[in-house]
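Being a predicted model, the structure only gives us computed values, none of them experimental.
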Amino acid sequence: MMERMTSDLKRHPTINRCLKHLSVIGADDKTKQIVYMYMETLYQELSSQIKKEGNYINGK
């Protein structure tokens, strides 16, 4: 799982920085996986909300 996450070029830069910091402090893979899951979910939800609001503003 972590190898796939590490090679994912579409990941938001903030998520990358967070995972690097987790490595620096010695977090285990399970902790990194949980943090990644929550951050990615938050990112997707916010992106979706922004897209919906943009469509609403543009009359779509």
Side-chain angles (χ1 to χ4, degrees):
M1 176 72 176
M2 290 306 295
E3 293 80 21
R4 182 182 66 80
M5 288 175 17
T6 304
S7 65
D8 186 0
L9 298 176
K10 295 181 181 180
R11 188 171 48 220
H12 192 276
T14 301
I15 295 173
N16 286 334
R17 285 192 304 270
C18 179
L19 292 174
K20 284 183 183 180
H21 284 109
L22 289 172
S23 292
V24 168
I25 65 170
D28 62 8
D29 285 345
K30 191 67 169 179
T31 301
K32 291 177 190 176
Q33 183 179 14
I34 291 167
V35 170
Y36 172 80
M37 176 186 68
Y38 279 107
M39 290 190 73
E40 184 63 31
T41 300
L42 179 61
Y43 175 69
Q44 290 174 4
E45 289 174 0
L46 288 172
S47 295
S48 175
Q49 185 66 30
I50 290 168
K51 184 176 179 183
K52 286 178 188 176
E53 289 174 4
N55 287 338
Y56 178 75
I57 292 169
N58 293 324
K60 296 180 181 177

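Thr41 is linked by a side-chain hydrogen bond (donor to acceptor under 3.5 Å, both in side chains) to nothing, counting only residues two or more places apart in sequence or in another chain. Evaluation of the ring-ring contact (aromatic ring centres under 6.0 Å, His included) rule for His21 yields no partner, not counting sequence neighbours. In this structure Ser48 satisfies the side-chain contact (heavy atoms from CB on, under 4.5 Å) test together with Lys52, sequence neighbours excluded. The side-chain hydrogen bond (donor to acceptor under 3.5 Å, both in side chains) search around Gln49 returns Glu53, not counting sequence neighbours. Qualifying side-chain hydrogen bond (donor to acceptor under 3.5 Å, both in side chains) partners for Ser47, counting only residues two or more places apart in sequence or in other chains: none.
When each of Asn16, Thr14, Leu22 is tested with Cys18 by the rule side chain to side chain contact (heavy atoms under 4.5 Å, CB included), just one qualifies, namely Leu22.
The other residues sharing a hydrophobic cluster with Leu46 are Leu42, where clustering joins ILVMFWY side chains under 4.5 Å apart.
Met39 and Ile50 fall into different hydrophobic clusters, where Ile, Leu, Val, Met, Phe, Trp and Tyr are joined by side-chain heavy atoms under 4.5 Å apart, directly or via other members. There is no path of hydrophobic side-chain contacts, each under 4.5 Å, that joins Val24 to Leu19.
Interatomic distance, CD of Gln33 versus CD of Glu40, reported as 13.0 Å (0.5 Å rounding).
Side-chain atoms of Ile34 and Thr31, non-hydrogen and from C-beta on, never get closer than 4.5 Å to each other.
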